[in-house]
Amino acid sequence: MRHLITALSLCLAAPALAAPKVTLVAEGFVNPWAVAFLPEGSILVTEKGGDLLLLGAGKSTRLKGVPKVAEVGQGGLLDVMVPEDFTYSREIFLSYAKKLGKGQGTALARATLAAGSDRLTDVRDLFVMTDGSSGGNHFGSRIIEAADGTLFLTVGERGDAELAQDLSRHNGSVIRINRDGTIPEDNPFVGQDGAQPEIYSYGHRNPQGAALDADGTLWVDEHGARGGDELNAIKRGANYGWPVISYGTHYSGAKIGEGTAKQGMEQPEFFWDPSIAPSGMAIYSGRLNDEWKGDFLIGSLKFDMISRIDRDTMSEAERIQTPETKRVRDVIEGPDGAVYFLSEINGALYRLEP
């Protein structure tokens, strides 16, 4: 598949516009899942089927050496993350669905991408979740580099709701590991009998978006069932309630768990009802539009738009909806201060100026 690159040169500054301007960057993708920028200005895009594409110098290169993925349902090649020190380390990080016994689970791998190379080398898994589950639902997963250099990975509960409350399993959690795959000593469940030491928070359903704010707080959006999609500020060791509490209902309309609140379980900072099926998320720096500074820009897989959540009021300020925002899978802020998003339906990457 040829990928037409139409606007890869990045501006260092641009005036804030009265209305969003959307420009096509590249198209021809099949089920694009995540996008990340390299310091030299090229772009990485994952396709769920297992391909990692490098866009730059007016062409698209399909990189070799990508881990073998289990493409089943919502699983496949998922997120890609470029760390702050990429210029020196040449490391990238990938999350993907991996075959585990008779099922599949979420894994996090690191790899080296040498300058000018068309191949990943030194590829190895840093984390693989406990036992795989059958079926193709709820893998997560986003990778975030924390300010201290540790890595966060969001992991879905794989459709086994009760496992999100089971600390002996990684299902339905945010995990935190060091860059070499070891476990940080200050993780909340280190040394606790029966608990997985990588777990940082738990009680999540299917967290598919994540970003750090200016203070270094990790924020995660996650799918509810019928209603009850959540935006959560992640706290060390906290329980986010699924499936004991929820603001949604089962798809049948039946009540979920014990209601909307329970002592010892966190409340969302914001929730959507009806569900929007939230995906990738950016917290905007304000570089091109000060009115958006600190706001959450969250893709919607259901309503073909980007939801802007105002940080000051924690309310939905607007829904950015254009012919390009079809099933938005990922949203990031580029090095030029513009917002970039992937449309799954259009098979395209776009640049949006606030």
Side-chain angles (χ1 to χ4, degrees), residues 1-15 20-69 76-96 109-123 142-143 145 280 282 285 287-288 299 324-326 328-354:
M1 179 72 70
R2 185 172 68 90
H3 297 82
L4 176 62
I5 302 172
T6 62
L8 195 55
S9 297
L10 302 180
C11 304
L12 294 181
K21 175 185 176 182
V22 179
T23 306
L24 177 67
V25 176
E27 61 183 353
F29 302 110
V30 179
N31 292 326
W33 212 93
V35 57
F37 284 85
L38 297 176
E40 59 263 31
S42 51
I43 299 175
L44 293 170
V45 175
T46 63
E47 292 181 333
K48 190 168 73 71
D51 287 320
L52 176 63
L53 299 147
L54 176 66
L55 312 181
K59 66 179 183 179
S60 169
T61 302
R62 201 174 299 272
L63 296 176
K64 304 179 182 70
V66 177
K68 184 178 180 180
V69 308
L77 183 59
L78 303 174
D79 205 11
V80 56
M81 190 274 283
V82 177
E84 291 289 333
D85 68 355
F86 174 81
T87 301
Y88 311 101
S89 70
R90 305 299 301 188
E91 284 188 327
I92 66 167
F93 297 87
L94 298 166
S95 66
Y96 68 103
R110 57 83 59 205
T112 298
L113 177 59
S117 177
D118 66 351
R119 176 179 292 275
L120 301 181
T121 59
D122 303 321
V123 181
R142 294 289 172 185
I143 311 163
E145 180 184 21
S285 70
R287 187 168 175 183
L288 301 186
E324 295 81 10
T325 56
K326 299 292 186 183
V328 176
R329 174 57 75 177
D330 199 10
V331 181
I332 67 169
E333 182 175 342
D336 57 351
V339 175
Y340 291 77
F341 65 91
L342 285 171
S343 165
E344 212 174 77
I345 296 296
N346 295 339
L349 173 66
Y350 297 97
R351 179 182 187 271
L352 181 151
E353 298 179 32

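When a residue number appears, it is its place in the shown sequence, counting from 1.
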Undergrad: List the atom of Y96, the atom of A109, and the distance in Å for their closest heavy-atom pair.
TA: CE2-CB, 4.0 Å
Undergrad: Once rounded to the nearest 0.5 Å, what's the spacing between atom CG of D330 and atom CD of E344?
TA: 11.0 Å
Undergrad: Name every donor-acceptor pair, under 3.5 Å, that has one atom in a side chain of residues 31-40 and the other anywhere in the protein, sequence neighbours excluded.
TA:
none

Undergrad: Measuring only between side-chain heavy atoms, which start at C-beta, is L352 closer than 4.5 Å to E324?
TA: no
Undergrad: Among all residues two or more places apart in sequence or in another chain, which pass the salt bridge (charged side-chain N to carboxylate O under 4.0 Å, His left out) test with E145?
TA: R179
Undergrad: Side-chain contact, heavy-atom cut-off 4.5 Å: L120 with I92?
TA: yes
Undergrad: Can you tell me how far CG of L78 sits from CD1 of I143, rounded to the nearest 0.5 angstrom?
TA: 8.5 Å
Undergrad: Answer yes or no: is there a side-chain heavy-atom contact under 4.5 Å between D122 and E91?
TA: no
Undergrad: Do L52 and L44 touch side chain to side chain, with heavy atoms closer than 4.5 Å?
TA: yes
Undergrad: Between R329 (side chain only) and S343 (backbone N and O only), is there a donor and an acceptor less than 3.5 Å apart?
TA: no
Undergrad: Please determine whether side-chain contact (heavy atoms from CB on, under 4.5 Å) holds for the pair V339 and V331, giving the CA-CA distance in whole Å, both sets of side-chain angles, and the decisive distance to 0.1 Å.
TA: CA-CA 7 Å; V339 175; V331 181; 3.6 Å; yes
Undergrad: If you round to the nearest 0.5 Å, how far is CG of L94 from CZ of R110?
TA: 10.5 Å
Undergrad: Is the shortest heavy-atom distance from the side chain of F341 to the side chain of V22 under 4.5 Å?
TA: yes
Undergrad: Do K64 and D118 make a side-chain contact, defined as non-hydrogen atoms from C-beta onward lying under 4.5 Å apart?
TA: yes
Undergrad: How long is the straight-line distance from CD of E47 back to CG of L342, given to the nearest 0.5 Å?
TA: 10.0 Å
Undergrad: Between R142 and M81 (side chain of the first, backbone of the second, donor and acceptor by atom type, cut-off under 3.5 Å), is there such a pair?
TA: no
Undergrad: Is L77 close to K48 at the side-chain level, that is, under 4.5 Å between some pair of heavy atoms?
TA: no
Undergrad: Could you give the distance from OG1 (T23) to OH (Y350), rounded to the nearest 0.5 Å?
TA: 10.5 Å
Undergrad: Which distance, rounded to the nearest 0.5 Å, do you find between the CD of E353 and the NZ of K21?
TA: 5.0 Å
Undergrad: My understanding is that only residues two or more places apart in sequence, or in another chain, count here; which of them pass ring-ring contact (aromatic ring centres under 6.0 Å, His included) with F93?
TA: none
Undergrad: Provide the closest heavy-atom pair for V69 versus G76 in the form atom of the first, atom of the second, distance.
TA: CB-C, 3.9 Å
